[in-house]
Each structure stands twice: as structure tokens, then as C-alpha cells.
Chemist: 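Dropping a structure here in C-alpha cells format, bear with me for questions.
Computed from heavy atoms alone, side chains included, the values below leave out hydrogens, waters and symmetry copies. Note that the structure is a prediction, hence the values are computed from the model and not measured.
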Amino acid sequence: MSKRQLAMVMDLNKCIGCQTCTVACKTQWTNRNGREYMYWNNVETYPGTGYPKNWMELGGGFDAAGDLQPGVIPNLEADYGVPWDYNYESLMGGQADSNTFHPHISPTWGPNWDEDEGAGAFPQDNYFFYLPRICNHCTNPGCLSACPRDAIFKREEDGVVLVDLDRCQGYRYCIAGCPYKKIYFNPKISKSEKCILCFPRIEQGLPPACAQQCVGRIRFVGFLDDEESQVHKLVHKYKVALGLRSDYGTQPNVYYIPPTESPAKFDAEGKIIEGSTRLPVGELEKLFGPEVHDAIKTLKTEMKKRKETGVSELMDLLIAYQHSDMFRLDNNYYQQVAKENKRNPLAPVDTRYIAGKFTKAGGHH
Amino acid sequence: MAVQAALEKCEQYEPWTMEKMYKVGGFLLINEKAAKSSPLYSDRPFNSNEDHLYKMERLETLSGRQTFYVDHELYIKMGAATNTGMEGIRPQSKDYPYVFMTPHARWSIHSNYKTSRTLLRLQRGVPAAQVNRVVAEAKGIKDGDTIRIYNALGEFYAMAKLSSSAPADGLVLEHGWEPYMYLKNKGHNEVVPTALNLLEMADGWGHLKFGGLWDGNQYAYDGAVNYEKAKDVQY
Amino acid sequence: MKKLLTTILSLGVAASAALASEHAINAVKVSEKLDAVKADSAVWSKAKFETVILYPQTAIYMNDKKANALPENVNPKAKKVQVGALYDGNNIALLVKWADGTKDVQSNASTTSYSDGFAVQFAGISKVPQVLPYIGMGSEGRPVVVHLQKAMETVYEPNGNKDVAHQINRQQTGLFGKELAEFDAKVAALGNHDYEKVFVGEGYRSLTEIKDGSVKSNAAMTYAANGWTGTLSRPLKDAYVNLNGTVPVSIAVWDGSKMGRNGIKNLSPWIAINLEGQKPNAAMHAELTTDSKGDPVKGKEAAAANGCNGCHQIETSDPVSFLSPSLKYVGGYSSVAYLRESILKPSAVVVPGYNRNAHANTPWYNIEKGKRVSTMTDYGFLDKETVDNIVAYLKSLKAEVE
């Protein structure tokens, strides 16, 4: 376990599946040099096969005895989808195949292949919701455990899980070991790569690209041990933010507010069935564990309280009026860490979100 | 040619050139002069209607305000003096039992950004239509199959997405695809009658005389289609 | 059980029959310069080739479900390779030939393609040269240098040259026209190289690539007639090794069709390369070539009596244990000296890491005063004969030769 842990909370009630986070991450980190197929951040429709295809069934993680479980390394064509390209060139040049714009291969799979498909029957009880996923920067990472080369490490200062590319030799056991399949093999450099929680941004006072760009303002970022941080309040104080598939035993540090607000079902005549909800709670329990019932209860209670009294700290938190209400970063802390490790302390590029517990008021000049 | 001309004539597109657009994958970034109804800031999101809310500029409507009531006699005759939901005017036919819906796309403003490789990779990469899972399976269509969508007017091809969210009597295809992005260069408008909305003819023509944002209005949901698994072609 | 034992013993006998050649190769001194030697260089006609057997190294259970399920990996076979060695005044050269029915070149557009490859391990400079490093990438105070060549499509790795600028997407460079073409050319020049690497290590997990150019390496692989020829030449002396007289080396090959990589490979034990015309290192030669004098049948009984399989998987019927390395095929790649040391001083070589993370409840060592102390019982109380017998038994545990 690291000394401190950065965490992210995603409010699934607010995710609209716009993929802005995906594109923010893609254009920042993964649109080049063998990473084209990787989505360090993806948003999948649940229920669905997800990305990579059926990732929940590909093994990895730990059993109750704490033993790493074998897993499967997904295939580019079948499970991730080959990132197709287009004939822009011939379209521009007026060449023979320029009469249509088409991908260079027949698309058979991609990162958002089953978008909006969901489950149930229209219009009685069809439902789906969006599940944005990044690396969980686990406290007990499956990828780290699986690596026979000590090429994966968890940063002491903030618990970010990183690949040391100098050590990595492309064995891919990490991919089998990660139950979320959020570490990827870069075939061009024959090394594994993964979400870095935008640590170069965080150190300088900027939230991760996926979180800052999120139009639904669903993502909260901060340190779990900072009692004033949004993530601490959501995870530990109100206990409404839960890890995804915690049963994999890796202790994920990305937490989700379960989707509590789903419309009622319709009966055969198209009339609303009062008190019903389309989203089966069993599905939520599968994803977020039995704690989901208490989380839903708390959310509903606080929502009611807010409606009746106008006051609820939890609802205010979740509304996220300002970007600065969502991120509690700590540039001063990182400067301290840098000094201790004889590295060059970095000046903040943005001071709006620097409010963490090691940052003195007005101290970030 | 048209893009070339636009690049040359529109100061909002400066300093982009055709070559640069092509290199980045077929798009350009508009500059600060490109916004309407609000300034376009370089460092924060665009929020529309700042000009109207803060500078009290009038809207480009007959009244200068948002208009929810038009008392022109044609509007009254058509029962449309105020916003009113109506049945679609598509033919009720057993041969073409599915209503063809083309909602706004998730990321594109009409065809703008439609050729972005980054965004296309986040869907199916080709025009895809959501069809009701149960109906499609009964027709022997699997997810990812190419389907032929047709009616008496014409036909086009799309990839089938078997969905729980699509109505049994409908077919949902995001709009904004250009004909050249479809198989055989046949766009989705091949099957849409595009009947002119009679309200357009009030007071002559032009939605009460060609206001600033005039855009010839048609009827919504006037396309009735059928679909089947495509025989010889595949995306 | 008796039948199985007989099989194992007969395998042991078969292997020891080939011992003389399996454990020693004579390197011929040549006048030709070897620093740029290739597989088709005429100088190889002077080399004396010997057969070396490479055994599957399966000490720990890896977590790739598909690879583990391959029949070739469930029952791995040992592999015969031909090895010849030459040396000039400054360089040593090895040529390794092995049969491989499939040419597996790792694709740079696939996540599930694996390469054929080979590696040569040299013992590094150490205070006690006759005590060899642990075969699995050395051990503390006993370093190894490993030259690795993989069959791979070109590798793009500008960061390997500490070049961050060329990791930027060409679309985001702000370059255009001629300048952009120059950028592309620079990326291609930086990033399309052969997968040849040199590592230094003091134990499994510690292997670190030498990237500062302080080791010269000239390795290549060519495929023809259902087999690979791998060649390597390197200086006899540099900052990491000082090769003279009797040179211990170990050879490994990987098979991409078996999803080969770390944990799925064939490895020779330490073998001696005698530099002809130089004074052999007698102690080293003895360490490399002496076989156990014990009785494997009695050794098997002693192993059972001392409860070895309580923690180690020895027979296939024993459960896979996360507490300790599997000894199923340990005789193939381990030296007598190493096996004896491991029984008498279990903490002499303790592989770090793996269990602390992957099987936290079955740690195979504890850290005491900053040192790894094996959780294995110290068998120093056993008499010499029993130890010899157990070593002889362990040496007999080898995979069948392909």
C-alpha cells in the first residue's frame, strides 16, 4: 500500500455516454505509436459486452485465498477491434475508389461497439446505462502481481500504478492478471502501457484530462486521506461511492456512484407501473457488491431531504456547481515529495484546483 | 471545390488550408470569429445566447423573441398555431411498416465532424442503424450484418445494431452521414420523401419570409421503410 | 509409482550418457575477426559443434490461461540444439542451431503474437567465480549478463533513445509539408530497429537492460529448413564479464508457437566452453561437469521421508504449490552444486518478489535484517550421503527430450 492514495469517483447518474473523456484521453496519450487500439479511458454501455469484449470473463484478479488467478490476453482483431482507417487520401485525390468513403477493413469490433443496445424489451422494460472505465489504480494490483520483471510499480506518494518501460519486456502476464483488462500491450514497442492517471497533469495542479473534460461533471478527483476531499466524503463519509467488481480482490481506487434514478417500467398497455424501476438492482449488486443497497438508500434519502429542506451536503457535492467543487489536488504536496527525492519541484500551471490538505490557504503562488 | 472556396472566403476558417485539414484527418478548428449569439472564447466553453441574455440583442424572429404562437391563418387552419404533436404523414403500409427515424448524432452537428477518424472508431465506423432486437432476429439479422433499407422511393445500406432501445416498428439511424459514406453512394435520403411542410407556404414562402436562420422545413417522420439482410454487399 | 520411477531413472541415465558433450564445448581460436560474424560466415567451418539439451524451465506457475492450456506446455519437452563456439583475441562467438517447425515472428500489429528467440547467458564478474550464479538470471552477488535476440518485426521505441519529441503524434506537431516529412523520416529512423538486447541481472526479476552502450553485442537469427540459426559475438572482456579459460554459459530458446516468453522457455544448465589454448579453470570445470555421485533411488526415498513434496511440486500428481518452486523438471537446468546449496542453505538463493504479491498468503521468504530468508527448513542436519542421494534424485527429474 502506498503512503497516500489518489482516487476518482464517477457519478453514473450523470454520465451521458458522450465519450468526451475517451477522446480527451485518446488525443492526449494514445493516438500514436502502437497505442491506437488502446482506450485507457473507455465508456461502455451496460449491460453489454464491453471493451475489450467480455472483459469480465477474461480472468485475473485474486480469489478469496489471495492467489492471483490466471487470465486471458485479449486478441486485437476479436476482442479490442482493429482501429480502422479511412481513404481520405484517395477521396481528396479523385482516385479510382474515391466515390465512397470507407474504412480500410470491415469493422467487426471496437471500443463502443454495443453502444445504447442494452437489455430488456422496448418500451416495457428496456434499459442501459453508461459505465466509464479507466485503470483502477488498485491498492493490490493484479497487473503488478503478475509481472515477473518488477516492471510495474505503485507510486509511494499517490498510489498511481505505472509501468516502468525500461524494465518491461512485453511478456503480457500483467494483462492476464488485470481483471479489468485496463493494461494494454503495445505491439510496436513490445511493452505494456496503461492509464497513468495523468500524473504529469495532477502534479501541476490539473485534473486528469478525462475528468476535466467531462461535460457531465461526473468525475471527482482527490486524495482519499484528505477528509475535506470530495472523494473522501463520497467514499468514506457517505459511503455512496463503491468499487467496480471489488470481488476481484484488487481493491480498486476508482469508485462509482451507482445509477439510482431509472424510469419506471410500462405495462402491456403502455401505462407506468408505479414504484417499479427498469434497472434491476441485481445487476448493480453484481457490479458494486452488496453495499450498493445502502448506497442507494443513502442517495434516495439525501435526495428527498434536499427536496424537502433544500439542504444536503451530499447532493451539493454531486451537483458539482463548479469545476473547483470536483477536484482537490495538492501541488504543494508534490513539491514536497519532489524536494525529498531531490527532483525538480514543479510549479502549478493551474491554481484553481489546488486545495488539498497539504496546501496552505493562499500558499500556491 | 466548395470546401476550397469556403476556406478562401471565410475568415472564420483562417489559417486553415485544405492540405492541413487533410493531414489531421478531415477537420478544421474555427477561430474566434466563428461564433453566433455569443463570443467564442479561446479558454472556456461556448455558451450560446450570451448576446441575447446580457446584451439584450433581439432574436432573428418576427417578434424578436422566442415565438410559440403564430396566428397566421394557414397555421390556424393546420392546427399548428402553437406547438402541437401530430401523427406522421408517412403512408400506413404493410409493405413498409417501420418508421425511419434519424435523430441528431451524438457528436456531429449535421455532417460536421462526421469524417473524424477518432469519433468514427467510437461507433461502427460506417452508417449503423439501431433495429429492434426481436424483430431483427425474426428476420434472420445478426448484429453487425449489413441491412438493406428500402421503400418505393429507393434503398440504402447500413450496418445493423440489434438494440433493446429501438421500437419494434421503427429503425433509428443517427443523421449527418453524407451519401458518399454509404455503400454504393446511396444515402439515407434515398428513402425519405422530404415533403415540403405546408406551413412553409404561409404568407408566400419561407417560414414567414426568410428570417435570418431560415431553413426549409419538412415533416418529421415521413419515411416508412422496410429492411432485410443485404444479399451481395457488406460494410 | 515404481514404473514412473523407472522411467525417470532411465531418462536420467540417457541424459548422463550424453554428459560429456552436453556439459562442455571447445571453442576454437581463429585469426579472423569475430566482432561482426554472421551465420553464413565461412569461419564457422572451423567450429566443433556439440549437442546441448535445453530443458523446459517451469519453476513457477505463470498466469496466462491460454498458454498454460497448450498441450506443448502441459507436457513440455526438452530440446536438442547444436552449439559451436569460436574466439579470437578479443571476442567470443557462438552459433546455436535448433529445429523449429514454425517461424514465429512477433507482429507489430497484434496483441497475441509471440516470437521465436534465443539468449546466451554469461556469468558476470564475481568474487567467487567458481560458485556459479543461479541459472535463472543470476543471484545476489553473482551477476549474469544475458544477450537476447528475438524474431520480431521492427520495434518502434524512440523513448529508448530518450527521445520524447518523436513520441508526439505527427498531427500535433504543428509541422507541415516538408518539415512534417522530415519528422516522419526521423521517427522511422529512430524507431525501426532489430530486437536485440543485453541485460545484467542479479536474480530473477532484477534483470535490467544495458542501454548505455557499455556492452557490444552482435546477435542475429536466420530461419531456413525448419530451423533457426542464431549467432552471437561479444567481447571476451568488458565491464561486466571477463571470459578466459573455462567460460560458463547457458543457452535458452523460445518458441512463439508455444506462446514462449519468460516462464515458457527451454534453458540449458550452465555448460563449460573451454577456450582452446588457454589454461582451463579446473575448479570451474569441475563445478560445471561433475555429476552427482549419489543414488537417485535412495534419494527419492529420502526426499519423501523429509517431506519435500509437502511444499514443492515434484511429481505431476503433486498439487501445484504457490509456496515454493516446482521441482518437476529441476534436474534439467540445475547444477549439482546449486541443488546441494539449496538443500543445505535454503536462503543462499531466494527469488524475490513473486509470491509477496501474487500469493501473499504463501510467502516463500521473510525479510529479516534486510535479507530474504527462505521459509524452507534448513536441511543442514542431513548427512552427506543423504544429501548426495537427494541431489542425484533431483538431477534425474528432467523432461523427456523431444
Chemist: Below 4.5 Å, heavy atoms only, C-beta onward: do A:Tyr86 and B:Thr115 meet side chain to side chain?
Modeler: no

Chemist: Check whether more than 12 heavy atoms from other residues, nucleotides or ligands sit under 6.0 Å from atom CD1 of A:Ile272, and answer yes or no.
Modeler: no

Chemist: Can you check whether B:Arg121 reaches A:Asp85 side chain to side chain, under 4.5 Å on heavy atoms?
Modeler: yes

Chemist: Give a yes or no on whether the backbone of A:Asp116 and the side-chain of B:Ser165 come within a donor-acceptor separation of less than 3.5 Å.
Modeler: yes

Chemist: Which bit of B:Leu162 comes within less than 4.5 Å of chain A, counting heavy atoms only: side chain, backbone, both or neither?
Modeler: backbone

Chemist: Output the option from A:Gly110, A:Ala121, A:Gly120 having the highest count of non-hydrogen pairs under 4.5 Å with chain B.
Modeler: A:Gly120

Chemist: Tell me, for A:Pro103 versus chain B, whether the close heavy atoms (under 4.5 Å) come from the side chain, the backbone, both or neither.
Modeler: side chain

Chemist: What is the minimum heavy-atom distance between B:Arg117 and A:Trp84, and which atoms define it?
Modeler: CG-O, 4.3 Å

Chemist: Within the side chain of A:Tyr88, is there an N or O that forms a donor-acceptor pair under 3.5 Å with the backbone of B:Val24?
Modeler: no

Chemist: Can you tell which part of B:Gln130 gets under 4.5 Å to a heavy atom of chain A, answering side chain, backbone, both or neither?
Modeler: side chain

Chemist: Measure A:Asp114 against the heavy atoms of chain B and call it side chain, backbone, both or neither at under 4.5 Å.
Modeler: backbone

Chemist: For B:Ser116, which atoms come within 4.5 Å of any heavy atom of chain A: side chain, backbone, both, or neither?
Modeler: backbone

Chemist: Mind checking whether B:Leu122 and A:Val23 have side chains closer than 4.5 Å, heavy atoms only?
Modeler: yes

Chemist: So, the side chain of A:Thr100 versus the backbone of B:Asn185: is there a donor-acceptor pair under 3.5 Å, distance only?
Modeler: no

Chemist: In terms of heavy-atom proximity below 4.5 Å to chain B, should A:Tyr39 be classed as side chain, backbone, both, or neither?
Modeler: side chain

Chemist: Which heavy atom of A:Trp113 sits nearest a heavy atom of B:Gln123, and at what distance?
Modeler: CE3-O, 4.1 Å

Chemist: Quick check on B:Ala128 against chain A: is it the side chain, the backbone, both or neither that has a heavy atom closer than 4.5 Å?
Modeler: neither

Chemist: If we only count heavy atoms from C-beta on, is the B:Asp143 to A:Glu117 side-chain gap below 4.5 Å?
Modeler: yes

Chemist: Counting only non-hydrogen atoms closer than 4.5 Å, does A:Tyr51 touch chain B with its backbone (N, CA, C, O), its side chain (CB onward), both, or neither?
Modeler: neither

Chemist: What are the two closest non-hydrogen atoms of A:Ala119 and B:Arg133, and how far apart are they?
Modeler: CA-NH1, 4.2 Å

Chemist: Go through the atoms of A:Ile16 and report whether side chain, backbone, both or neither lie under 4.5 Å from a heavy atom of chain B.
Modeler: backbone

Chemist: By a 4.5 Å heavy-atom criterion (distance strictly below it), what part of A:Thr22 contacts chain B: side chain, backbone, both, or neither?
Modeler: side chain

Chemist: Salt bridge or not for A:Glu115 and B:Arg106, using N-O below 4.0 Å?
Modeler: yes

Chemist: So does B:Glu87 have more than 12 non-hydrogen atoms from other groups sitting under 6.0 Å from CD?
Modeler: no

